[in-house]
Amino acid sequence: MSRDFLSRFFLSVCCLFYLVSASPIWAQNGETLAKTWCSSCHLFPDPALLDKDTWANKVLPDMGARLGFKTFQDGTYRPTSKVPDGVYATEPLMKKVEWEQIKLWYESEAPAKLALPAWQPRSMLTLFGIEVPERKEHEFPVATAIFIDEASKRLLVGDAHENDLKIYGEDLGLLSVVRSGGIISRIKRSSPDNYFMTVIGGTISPTEDEHGLLIEIAVDKATQVQPVINRLARKLHRPVDVVSGDFNKDGKSDYVTASFGTHYGKLSLHLSQPDGTLHETELLKESGSTSIIVDGEDLLVLISQGNERIVRLKNFANDQLMSEETIIRFPPSQGSSSMRALDFNGDGVLDLLYTAGDNADTSPVLKPYHGIYLFEGQPDGTFQLEIFFHLDGATGAVAEDFDQDGDMDIAAIAYYGNIEKNLDEAEFVYLQNNNGTFEAKYVEGIGKLGRFVAISAGDIDGDGDKDIALANMAFGPSGAMEIPPGLQDQWYAGTRFILLRNGLR
């Protein structure tokens, strides 16, 4: 899960300018100071991105603590006892007058309240029917990953409560259970009966622990009841995504993992060695790598903390030729949450389906820039925004021709949805593509069945149309939401996942 740590990169900028600046920048006004210090490490955070209260009572206090200031207004900055050394400065890194000017400017220029886009009405969607698996009496729904394997007609679910992988058949009957050694964060298919997945460790919350795993699971094709687990890599720093391929062209499978910690993290290349082990090389040493896409000889990587952006790592498997290029940049409060690659418009060029909606950290307020984005790839390798649909707390999205009319539709979930609106409409939205015009739709009754954190699409029953599976992680930080006790109880009473079975055929 991505986080909007606005302040971590602010600190590094301050350190840089403190060491190299030869001019008395403390004499400048707040706007100039803010633009000078902030813009060197991430997209400049305009005051209009957040409301006055969030700036004054959440973001600025955290920024001040990281800059080494101990007090704020009538209180003290947040304690630092559990933060690693080097994150918060022990002494102020800038003049007090400079900091006061920056604070005053943000507090005076920020709006009293963020203006949200008008709620777009949804019509009821009847294309899918809701199906749920059998629920055990004491089941606690904490599913963190989900994957429809349409080739084998299986549905794989990562269960964080029991730390295992559950494999279901097309009728949603449980086929087998595999102890994963921790909480599964991503599931992908490696061969007809093999899957590889990332395991973040024993806690869902971002940490600095290195208990993560990269594992491969082989399922017996005949019986499907005796899976075999192979731990490919250990002691990873909370890996949340993985891609595989023969990246150095030696005939062996290699991997790239994205590790997402609280303050630290990395993007790593794991090359297979002759003795069967994997050798790890760091490609990026920063936290926040969330989604990885292989594009020929390059990688596209979504970075979702601090300096939020999508980068292209050219020739990533060759340390002599690798280079980094930022192709899309977002403000540090964006809350980037997911990215998928597809050819949405059928022009043969890669497009990016992206969501922003992580909303539980320094600035947990509803934001007008949260939602579903489609960036269309251009022949020159750049991307242009083609579609934006506002969805508070957007967490993940898939695109398929669900209604089989010749164009791609979009389905998305929101873990931090605006539940003050209609609950069914806030948690799940379906954008039906009608020749480039999108009609928003909802599924009646879906909202009370769970709080959905992961989404997968595929033809689980082999009938020729695409179904949708949603993973229910019933508990978690509320973020900008105020969750009524009755609703929370309903989510707890739900199953680990639901299947939206396509009824087109």
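Residue numbers run from 1 in the order of the sequence given.
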| query | Between Phe452 and Ile498, is a side-chain contact (heavy atoms from CB on, under 4.5 Å) present by the stated rule, with each step listed? | reply | CA-CA 9 Å; Phe452 306 115; Ile498 69 170; 3.7 Å; yes
| request: List the steps and the verdict of side-chain contact (heavy atoms from CB on, under 4.5 Å) for Ile146 and Ile455. | output: CA-CA 7 Å; Ile146 198 162; Ile455 183 171; 5.7 Å; no
| query | Please walk me through it: do Leu49 and Tyr369 pass side-chain contact (heavy atoms from CB on, under 4.5 Å)? | reply | CA-CA 9 Å; Leu49 289 170; Tyr369 40 88; 3.7 Å; yes
| field | Full working for side-chain contact (heavy atoms from CB on, under 4.5 Å) between Thr395 and Thr355 | value | CA-CA 6 Å; Thr395 304; Thr355 59; 5.7 Å; no
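Under a cutoff of 6.0 Å and an axis angle of 45°, Arg340 and Tyr354 do not form a cation-pi pair. Taking the ring axis of Phe147 as reference, the NZ or CZ atom of Arg186 does not stay both within 45° of it and closer than 6.0 Å to the ring centre.
Within the 4.5 Å cutoff, no side-chain heavy atoms of Trp99 are placed close to those of Leu33. Contact annotation: the side chain of Ile293 approaches that of Leu352 to within less than 4.5 Å [non-hydrogen atoms, C-beta and beyond]. Here the side chains of Ile483 and Arg451 are in contact, with some heavy-atom distance below 4.5 Å. Using a 4.5 Å cut-off on side-chain heavy atoms (C-beta onward), Asn307 and Arg329 make contact. With contacts defined as side-chain heavy-atom distances shorter than 4.5 Å, the pair Ile303/Leu284 qualifies. Residues Arg496 and Asp159 have side chains in contact (heavy-atom distance under 4.5 Å, counting atoms from C-beta outward). Counting only heavy atoms from C-beta outward, the side chains of Thr207 and Ile200 never approach each other to under 4.5 Å. Contact annotation: the side chain of Tyr430 approaches that of Asp409 to within less than 4.5 Å [non-hydrogen atoms, C-beta and beyond].
Between His390 and Phe388, the two ring planes are tilted [angle within 30° to 60°].
Between Leu283 atom CG and Leu269 atom CG the span is 5.0 Å, to the nearest 0.5 Å. The OG atom of Ser185 sits 7.5 Å away from the CZ atom of Arg238 when rounded to the nearest 0.5 Å. To the nearest 0.5 Å, atom CD1 of residue Ile310 and atom CD1 of residue Ile328 are 4.0 Å apart. One finds the OG atom of Ser180 at 6.0 Å from the CG atom of Asp164 (value rounded to the nearest 0.5 Å). Rounded to the nearest 0.5 angstrom, Asn418 CG and Leu366 CG are separated by 5.0 Å. In this structure, CG in Leu391 is found 8.5 Å from CG in Leu431, a value given to the nearest 0.5 Å.
Within the 3.5 Å criterion, the main-chain N or O of Met408 finds a donor-acceptor partner in the side chain of Asn433. Thr382 places no side-chain N or O within donor-acceptor distance of the main-chain N or O of Asp380, the cut-off being under 3.5 Å. No donor-acceptor pair under 3.5 Å is formed between the side chain of Thr326 and the backbone N or O of Val311. Within the 3.5 Å criterion, the main-chain N or O of Asn57 finds no donor-acceptor partner in the side chain of Asp53. Formation of a donor-acceptor pair under 3.5 Å by the Asp246 side chain with backbone atoms of Asp250 is found in this model. In this structure a side-chain-to-backbone donor-acceptor pair under 3.5 Å is present from Lys367 to Ser363. Side chain of Asp254 to main chain of Phe247: a donor-acceptor pair is present (N/O by atom type, distance under 3.5 Å, no hydrogens or angles). In this structure a side-chain-to-backbone donor-acceptor pair under 3.5 Å is missing from Asp209 to His211. Side chain of Gln378 to backbone of Glu376: a donor-acceptor contact under 3.5 angstrom is found. Without hydrogens or angle criteria, Asn472 side chain to Pro141 main chain gives no donor-acceptor distance under 3.5 Å.
For Phe389 and Phe438, the gap between ring centers reaches or exceeds 6.0 Å.
A donor and an acceptor atom, one from each side chain of Ser253 and Ser244, are nowhere located under 3.5 Å apart. Counted by atom type alone, Ser268 and Glu282 present zero donor-acceptor pairs between their side chains at under 3.5 Å. Tyr195 and Asp149 share a side-chain donor-acceptor pair at under 3.5 Å. Looking at His270 and Thr257, their side chains do bring a donor and an acceptor atom within 3.5 Å of each other.
Across Ala160 and Ile183, no two heavy atoms sit closer than the pair CB-CG2, 3.7 Å. The two residues Leu213 and Arg231 come nearest to each other via the heavy atoms CD1-NE, 3.9 Å. Across Ala258 and Ser289, no two heavy atoms sit closer than the pair CB-O, 3.4 Å. The minimum heavy-atom distance between Asp351 and Leu374, with the atom names listed, is CB-CD1, 4.4 Å. For the pair Leu342 and Ala399, the tightest heavy-atom approach, listed with the atom from each and the gap, is CD1-CB, 3.4 Å.
Checked options Glu280, Glu286, His237; the residue passing with Lys266 is Glu280 (criterion: side-chain hydrogen bond (donor to acceptor under 3.5 Å, both in side chains)). Tested against Val256, the residues Val243, Val301, Val294 include a single side-chain contact (heavy atoms from CB on, under 4.5 Å) partner, Val243.
In terms of the ring pair (Phe, Tyr, Trp, His ring centres under 6.0 Å) criterion, residue partners of Phe196 (sequence neighbours excluded) are, by chain and number, Tyr255.
Remark: Glu420 CD is loosely packed, at most 12 non-hydrogen atoms of other residues, nucleotides or ligands lying under 6.0 Å away. The neighbour count for Lys113 NZ, taken as heavy atoms of other residues, nucleotides or ligands under 6.0 Å away, does not exceed 12.
A salt bridge does not link Glu107 to Lys103: none of the charged side-chain nitrogens sits closer than 4.0 Å to a carboxylate oxygen. Using a 4.0 Å cut-off between charged nitrogen and carboxylate oxygen, Arg309 and Glu324 count as a salt-bridge pair. Ion pairing between a basic and an acidic side chain is recognised when a charged N comes within 4.0 Å of a carboxylate O; Glu297 and Lys314 show no such pairing. A salt bridge between Lys421 and Asp392 is absent, with no side-chain N of the basic residue lying under 4.0 Å from a carboxylate O of the acidic one.
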